Amino acid sequence: MSSSRLPGKILADLAGQPMLQRVFIRTSRAASITETIFATTTDSTDDPVAEYCAFCGIPFTRGSLYDVLDRYYQTAKGAKADVVVRITADCPVIDPKLIDDVVNTLIGKSNIEYRISEFDFVCNRLPPPWRRTYPIGLDTEACSFAALEKAWKEAKEPQHREHVMPYFMRARNFQLLAASFRKDFSARLSCRFVESRDGFRRLPLDGGYARGFGIHAPGLRSFRWPR
């Protein structure tokens with residue numbers, strides 16, 4: 001809720017539903033997900049988020065505003081999770097199928113011939129200087145609970161505590177896999193600015209997008225942002 005670019009964005013109305021609700025529904029549609037939990041903060045600015053989740057029956061936890069790694073770890077520990085998937089709440093068209101692809105690759109159930117537990121962390125994007133091929137807003141990151149716990153114990157730098165996953169990318173003792181799409185897409189499908197929020201409001205989120213679970217990665221070649 002305390003976003004400097006778009007305050008209150010995760011409760012912003014998108015075609016009749018708060019963005020938080022849309023992210024929850026779409027994430028929960030992934031076959032590999034057994035529970036979707038919002039890990040919000042104990043900061044007073046996030047009281048409306050907690051109240052909304054409680055009212056709607058959406059599982060949530062509250063933790064540190066700045067130590068997001070600890071917030072994720074405590075949430076995963078409380079849920080007794082074996083695998084932890086990170087989806088940010090400003091991605092209202094997150095792709096359930098893409099989530100499944102990432103999780104199944106991590107646990108060794110994908111079409112790619114990897115041994116089970118070969119990787120500690122699987123994602124579909126890495127920060128610069130690495131090149132990304134999936135649009136911003138379809139970011140999916142998954143790790144084993146054991147790897148998350150190791151990062152939680154070892155990470156000391158403030159930037160590694162605040163942004164959850166960077167420690168995996170900087171430490172040398174994790175096995176990582178970054179998935180790439182067959183074509184480079186530079187679109188932004190996250191809702192981080194007023195302009196992107198207004199763009200999402202013009203999408204038919206309760207029409208074909210909702211029935212088909214929305215935009216899927218293989219169909220992004222024909223996607224055009226509505227004007």
Side-chain angles (χ1 to χ4, degrees), residues 1-28 33 35-81 83-94 99 121 123 125 127 136-143 145 147-170 188-201:
M1 291 293 287
S2 56
S3 168
S4 59
R5 292 174 291 196
L6 185 56
K9 62 182 177 181
I10 66 173
L11 290 181
D13 180 271
L14 297 182
Q17 285 186 331
M19 179 158 51
L20 180 154
Q21 182 78 31
R22 294 195 177 276
V23 175
F24 175 76
I25 291 172
R26 295 175 65 81
T27 301
S28 300
I33 299 297
E35 187 175 16
T36 304
I37 304 173
F38 272 93
T40 189
T41 82
T42 53
D43 190 80
S44 60
T45 61
D46 282 319
D47 286 348
V49 175
E51 291 167 3
Y52 181 83
C53 288
F55 178 78
C56 294
I58 296 175
F60 72 97
T61 61
R62 304 190 74 170
S64 171
L65 175 62
Y66 299 108
D67 191 347
V68 189
L69 177 57
D70 180 69
R71 198 195 317 163
Y72 269 69
Y73 171 73
Q74 298 299 339
T75 299
K77 183 179 179 181
K80 296 181 171 57
V83 171
V84 180
V85 181
R86 178 176 180 255
I87 304 295
T88 57
D90 59 356
C91 298
V93 293
I94 190 69
I99 295 174
F121 177 84
C123 63
R125 68 97 195 180
I136 297 171
L138 295 185
D139 297 358
T140 304
E141 301 169 329
C143 65
F145 177 77
L148 180 66
E149 186 169 53
K150 183 178 178 65
W152 176 76
K153 290 178 179 178
E154 296 179 357
K156 305 300 181 185
E157 297 295 327
Q159 65 268 28
H160 294 157
R161 306 297 302 190
E162 184 176 355
H163 298 290
V164 189
M165 300 299 189
Y167 185 73
F168 288 101
M169 305 168 191
R170 302 302 179 186
R188 177 183 290 274
L189 301 180
S190 63
C191 192
R192 298 181 181 178
F193 303 93
V194 172
E195 293 80 6
S196 55
R197 179 202 62 194
D198 293 344
F200 277 113
R201 285 175 172 172

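Keep in mind that what you see is a predicted model, and the values were worked out from it rather than measured. When reading the values below, keep in mind they use all heavy atoms of this one structure, side chains included, and skip hydrogens, waters and symmetry mates.
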Looking only at non-hydrogen atoms, find the nearest pair between [X] and [Y] and report the distance.
X    : Y    : value
R26  : P92  : CD-O, 2.8 Å
L69  : A155 : CD2-CB, 3.8 Å
V23  : C91  : CG2-O, 3.5 Å
D43  : R62  : O-NH2, 3.1 Å
L11  : V49  : CD1-N, 4.1 Å
G137 : I94  : O-CD1, 3.9 Å

**Study point:** R22 with D13: basic N within carboxylate O range, under 4.0 Å
**Key:** no
Considering residues at least two apart in sequence or located in another chain, which fulfil the side-chain hydrogen bond (donor to acceptor under 3.5 Å, both in side chains) criterion with [X]?
X   : answer
S28 : T36
T61 : T75
R71 : none

Exercise for review: Answer yes if the side chains of D46 and T41 hold a donor-acceptor pair under 3.5 Å, and no otherwise.
Suggested key: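 Yes, a side-chain donor-acceptor pair sits under 3.5 Å.
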Point to revise | Pairwise side-chain contact, W152 with K150, heavy-atom cut-off 4.5 Å (strictly under) | key: no
Practice item. Side-chain contact test, heavy atoms from C-beta onward, threshold under 4.5 Å: evaluate it for K156 versus R161 and give yes or no. Key: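 A side-chain contact under 4.5 Å is absent here.
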Check your understanding: What residues, two or more places apart in sequence or in another chain, satisfy ring-ring contact (aromatic ring centres under 6.0 Å, His included) together with F145?
Key ->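 ring-ring contact (aromatic ring centres under 6.0 Å, His included) list for F145, sorted by chain: Y73.
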With rounding to the nearest 0.5 angstrom, report the [atom1] to [atom2] distance, [X] to [Y].
X    : Y   : atom1 : atom2 : answer
I33  : I99 : CD1   : CD1   : 5.5 Å
H160 : D67 : NE2   : CG    : 13.0 Å
L148 : K77 : CG    : NZ    : 11.5 Å

Exercise for review: Would you check, one step at a time, whether the test side-chain contact (heavy atoms from CB on, under 4.5 Å) holds for T88 with D139?
Suggested key: CA-CA 8 Å; T88 57; D139 297 358; 5.8 Å; no
Check your understanding: Passes side-chain contact (heavy atoms from CB on, under 4.5 Å), Q17 versus I25? Steps please.
Key -> CA-CA 11 Å; Q17 285 186 331; I25 291 172; 3.9 Å; yes
Check your understanding: What residues, two or more places apart in sequence or in another chain, satisfy side chain to side chain contact (heavy atoms under 4.5 Å, CB included) together with A79?
Key ->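 Side chain to side chain contact (heavy atoms under 4.5 Å, CB included) check on A79 returns E35, I37.
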**Study point:** Any residue meeting side chain to side chain contact (heavy atoms under 4.5 Å, CB included) with I58, in chain and number order, not counting sequence neighbours
**Key:** L20, Q21, F24, F38, Y52, C53, C56
Show every donor-acceptor pair shorter than 3.5 Å between a side-chain atom in residues 162-170 and any protein atom, with sequence neighbours excluded, or say none if there are none.
{"unit_1": "Y167", "atom_1": "OH", "unit_2": "E154", "atom_2": "OE1", "d": "2.9"}

Check your understanding: side-chain contact (heavy atoms from CB on, under 4.5 Å) between T42 and L65: does it pass, once the steps are laid out?
Key -> CA-CA 7 Å; T42 53; L65 175 62; 6.0 Å; no
